[in-house]
Amino acid sequence: MKEETVKLIVILLGVASTLGIYSILYKENKVFRFFEHLYLGLAAGYSISAAWNDILRPQWWTLMMIEGRWWMLFAIPAAMMFYMIYSKQNSWMSRLIFGLFLGATAGQTFQAFAADYFPKFRTAASKAVMDLPEVNQPGAYGLTPFSAALNNVLFMVILASVMTYFFFSFEQKGKVIPSVSKFGRYTLMVAFGALFGSTIMARMSLLIGRMYFLIHDFVQVQLLHMQ
Amino acid sequence: MRIPQLDRRVLYLLLALVVSIPLLVNVPLPPPAITPPTKSFYETIETVSTDPKTKDKLVIISCNFGSGTLAENLSQLEATLNHIVSKRMKFAIFAFNDPQGRDLGGSTAQRIADKAGYKYGEDWVNWGFRPPQGIQSLLKAMVNDLHGALGTDVKGTKLSTIPVMANYKKADDVGLIIEFAAADTVKYWVQFFQRAGTTPIATLFCPTSVMANEAYPMLETGQLQGMLVGLKGANEFETVMKRPGFATRASASLSYSHLLIILLIILGNVGMIQDRKRQQGATK
Amino acid sequence: MFQVQHGAALYTHLAGAAVVSVILFFALTLVPTKLRRPLIMAVTFAAGLFYALEFFWPVSGPESDQKNFLTSYIKPFSDITTVLQSFALGLGVYSLVSIHLRKVARTQSGWAYSLVLIVSMIVMVIAHIGKEYIKAPWVHQLNEFAYSGLMKSLDATMFSIIAFYIVSAAYRAFRIRSTEATILLVSAGIIMLGQVAIGQAITNAIPNEGLTANLRVENMANWILKKVNSPAIMAIDFGLGVGGLATALRLWLSLERGSYFEEEL
Amino acid sequence: MNHATWPARVILIVISAVIVWTVIAAQRGKKLFIRRIPGLTAIDEAVGRAVEMGRGILLSSGLGGIDVVTLQALAICTNIASAAARYGTKVQMPIYEAALLPIAEDAISSAYNKAGRSDAFSSDDVRYLSNQQFAYAAGVAGMIQREQYAATFLFGTFFAESLIMAENANMVGAIQVAGTPSTTQIPFFIASCDYVIIGDEYYAATAYLTRQPTLLGSMIGQDRVKIAILVTVMLGFLLTMVKLPLVKNLFEDKDMPAASYYSPAKGGK
């Protein structure tokens with residue numbers, strides 16, 4: 001097959017699968033079902049290939065068979081334990097290997113917690129109301145020392161009220177706590193609205209990418225031979 | 001006039017039209033405002049590329065995205081690489097989240113490098129893809145020994161024999177990390193690499209716009225020095241550099257699709273209020 | 001004992017390891033019921049302890065290369081866990097294939113789709129693993145069709161379909177029904193306007209300096225994202241972080257109770 | 001932070017000790033209180049609706065591997081499954097990560113056992129779909145459209161596919177409850193689900209549903225830690241006002257000489 005023919009088929013397959021998947025927007029139908037199953041099959045095949053190409057071959061097979069680290073063979077009985085789940089008497093052995101994974105994940109949490117949250121604690125704890133470094137920074141349009149301090153106070157207020165909203169160990173009664181936590185809930189809604197609004201852009205960008213493929217790569221280049 | 005509630009299929013059709021038309025014909029659009037993250041992104045590259053301490057160091061271009069987020073990440077990558085090569089900085093392509101990142105990053109870099117007269121192996125290198133599962137330990141190992149930890153480049157050549165890598169052996173030889181990502185992969189650089197050497201390495205982030213939200217606090221904490229937010233950031237960056245590209249064209253589609261959504265929300269609310277009034281009228 | 005071997009010696013060592021594996025595996029099946037749970041607990045604890053100790057144990061060495069007695073084992077250990085996890089993929093593939101093969105064998109309704117699934121899986125495996133070993137052009141072309149033509153487009157299309165769903169979700173949900181819904185709508189609206197050039201144009205007339213700059217829509221959007229969004233998200237994160245740490249501790253120390261953790265083994 | 005600093009050692013060990021202590025105290029029978037969490041009562045409501053309508057329930061534990069978040073999701077799903085099994089309603093659970101499949105199968109089948117309906121469990125109902133994000137989403141969307149579930153429960157780690165699943169379920173009129181620690185996806189769940197469990201309500205969910213002492217104890221411990229964090233951060237804020245960077249320094253990446261922890265900040269950064 002010529003290079004161009006391959007390229008043309010690749011584009012045609014791309015167009016077919018794009019339209020096939022989009023057809024679910026109208027309603028569930030046979031074309032979508034076909035592409036859905038095709039997709040699941042390809043994805044399974046891809047996972048198998050990726051597991052071999054990217055992990056098992058370089059990190060296991062090559063080390064064992066070519067570099068001669070014969071003890072890598074012990075990975076097989078260890079991995080076999082996963083499959084013992086299907087044995088009636090010995091399904092407990094699968095828990096042994098899960099235990100290894102659970103333990104390892106749990107053990108890494110200490111470092112992850114320190115690395116993720118300590119900088120955040122640091123930021124929150126060092127919000128200043130005087131001598132604000134950010135006032136003189138480029139990009140701080142119209143930021144006066146007063147408004148910068150106000151922003152930092154607001155930061156603490158929001159942080160505290162949202163955290164209060166998530167305290168579970170006592171009934172949220174009285175005068176202060178319910179209104180603080182209500183304010184927390186409202187600021188959460190502002191945050192979620194903001195997240196929604198800013199995500200729209202990302203999703204539209206994806207659609208633009210796809211439409212560009214249909215319009216440019218397929219219609220303009222392949223059908224109309226425009227460049 | 002009574003406004004009916006629209007069927008979801010009508011919404012879908014309207015959206016498809018609004019997105020495609022600006023891609024077919026030129027639709028006028030005002031230039032974007034340059035936001036602070038973009039500004040500091042640009043300024044960080046300026047500083048790193050002129051500061052005598054960092055200008056000869058390596059730039060790591062970490063491409064952790066696939067074809068799914070091509071419109072956003074690729075336009076960011078193109079705009080940024082154009083800037084990096086215009087500063088004559090040496091760079092390395094790297095990927096650890098999606099093998100597609102290695103190919104997309106590699107081919108884009110090749111195209112831009114060819115245009116700029118960069119030679120593979122002398123001015124830039126592609127480290128290739130490493131599986132995400134082992135990335136934490138890999139980055140930890142890379143801190144002291146880039147050559148040993150990474151082994152070979154994408155073509156299987158030992159890094160220690162590639163000329164461009166001769167002077168870049170550990171984290172201290174890296175001047176800038178730029179992460180292009182569809183996920184929060186920048187945290188690995190921040191957690192395990194950025195501050196592991198003697199001086200912190202300037203780190204820039206080019207996320208899809210959705211990932212940007214989680215990254216804003218990192219701009220505040222100083223873990224990130226700048227950020228291009230999605231296609232919008234790329235468009236702003238193209239505007240700053242006065243080099244319009246794909247991002248500029250696509251942002252017309254972007255603008256009008258947002259306008260459509262806002263109109264639809266307004267219509268939906270007006271319709272709802274009308275319905276409510278009518279119901280009240282009926283009960284009277 | 002653990003020395004690299006080559007040639008014939010490698011194969012005898014591999015055979016030896018295989019024999020030892022079988023014996024060990026068999027020995028495990030003989031572990032009495034009473035000892036099973038403690039064994040699982042011990043393995044879980046040990047695996048966690050490895051990472052915890054590596055993190056907590058004092059380190060020495062030059063500033064940029066601080067390590068303790070466990071640091072150099074981190075990479076091999078994580079490599080091994082990655083390898084083991086890849087082996088588990090077989091469980092999924094087995095589940096998927098057995099469900100669909102059964103459908104095909106019994107020609108249940110929709111069996112043709114199941115056949116499509118199985119065939120496309122096989123094609124992808126041949127193409128994608130094959131391209132690493134077979135140099136013939138047809139393998140390369142098959143991989144182009146299956147991977148670049150179909151898989152990549154399907155991925156990108158499925159991702160982009162969210163754009164349509166986001167419109168219907170916004171249309172339906174953003175109504176001024178309650179205070180909370182209204183807040184959500186206003187905040188989303190400002191961000192949307194502030195993010196695109198056409199929205200920014202609304203307030204382009206306002207100077208971008210001094211106090212009035214605050215009225216520009218992109219500055220409002222930015223203010224919401226930086227000053228309201230960040231502390232709110234940070235507060236959620238603190239709770240999630242502590243919750244995650246607590247769950248990790250319960251798992252690590254086998255404190256967890258409940259059906260899965262208390263069943264007879 | 002690659003290795004713990006001295007403050008990190010102390011802080012992490014104290015946090016852990018507080019949590020483990022309350023867990024053990026609760027296991028020994030100490031009475032503990034947690035307040036009502038509104039979103040969680042919705043779970044029973046949704047199961048009830050599915051029973052009334054006589055259609056199935058979809059459970060998804062999201063895109064996580066064997067990790068803390070996903071195991072938590074599995075715990076919630078197990079509870080829902082056993083409630084559903086009691087009323088004889090069918091539960092289906094598509095799985096993303098292969099290694100999770102046997103754990104999930106085990107957990108769901110033991111939930112059926114607990115409800116005394118082990119006969120109703122079919123291992124096809126807990127099935128592996130794909131470990132590719134959007135293939136999984138396409139598969140779930142197809143399942144939802146064909147099976148027309150009455151209720152869907154989405155718990156666990158989610159990314160962009162959250163909206164694909166939630167909107168498709170919305171189309172077929174399912175009542176939906178979702179909960180995720182992936183903060184970025186919460187707005188989409190709010191837009192298309194009936195009830196959303198936010199933030200660490202996620203970790204409170206199983207405690208609230210099962211009233212298990214272990215989990216209640218853990219919740220109380222977590223709450224104490226959170227209060228301590230808030231107080232510490234507030235204290236840091238106040239100390240920063242008088243230019244004492246003590247709290248900030250505790251969370252620095254690198255150890256510093258003991259004396260400099262409470263020395264006044266040097267001017268500027």
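A note on names: the letters A, B, ... follow the listed sequences, proteins ahead of strands, and every chain is numbered from 1. Since this is a predicted model, take the numbers as computed values, not measurements.
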If one checks every heavy atom of B/A16 against chain A at 4.5 Å, the contacting part turns out to be both
Under 4.5 Å to a heavy atom of chain B? For A/L195 that would be both
Honestly, the part of A/F155 sitting under 4.5 Å from a heavy atom of chain B is side chain
Turns out that what part of B/L74 lies under 4.5 Å from chain A's heavy atoms comes down to neither
**Request:** Can you label the angle between the B/Y42 ring and the B/F237 ring as parallel, tilted or perpendicular, going by 30° and 60°?
**Result:** perpendicular
Counting heavy-atom pairs under 4.5 angstrom with chain A, the leader among B/G222, B/G230, B/P131, B/S251 is B/P131
Less than 3.5 Å apart, any donor N or O on the side chain of A/T123 or B/E220 sitting next to an acceptor on the other?
no
- prompt: Without hydrogens or angle criteria, can the side chains of B/T38 and B/E236 be said to hold a donor-acceptor pair below 3.5 Å?
  reply: yes
Checking heavy-atom separations under 4.5 Å from chain B, one finds in residues 200-207 of chain A A/I200, A/M201, A/A202, A/R203, A/M204, A/S205, A/L206, A/L207
Note: B/I93 and B/C63 closest approach over all heavy atoms is CG2-SG, 4.1 Å
Do B/R9's NZ or CZ and the ring of B/Y12 fall within the cation-pi criteria of under 6.0 Å and 45°?
no
Modelled atom types, side-chain donor and acceptor of B/T185 and B/N97, under 3.5 Å
no
Q. Any side-chain donor paired with an acceptor under 3.5 Å for B/N235 and B/E238?
A. no
**Q.** Test side chain to side chain contact (heavy atoms under 4.5 Å, CB included) applied to A/F82 and A/F101, step by step
**A.** CA-CA 11 Å; A/F82 278 117; A/F101 279 97; 3.5 Å; yes
Honestly, the part of B/S253 sitting under 4.5 Å from a heavy atom of chain A is both
### Query
Relative to B/F94, does B/R130 satisfy both conditions: NZ or CZ under 6.0 angstrom from the six-membered ring centre, and within 45 degrees of the ring's axis?
no
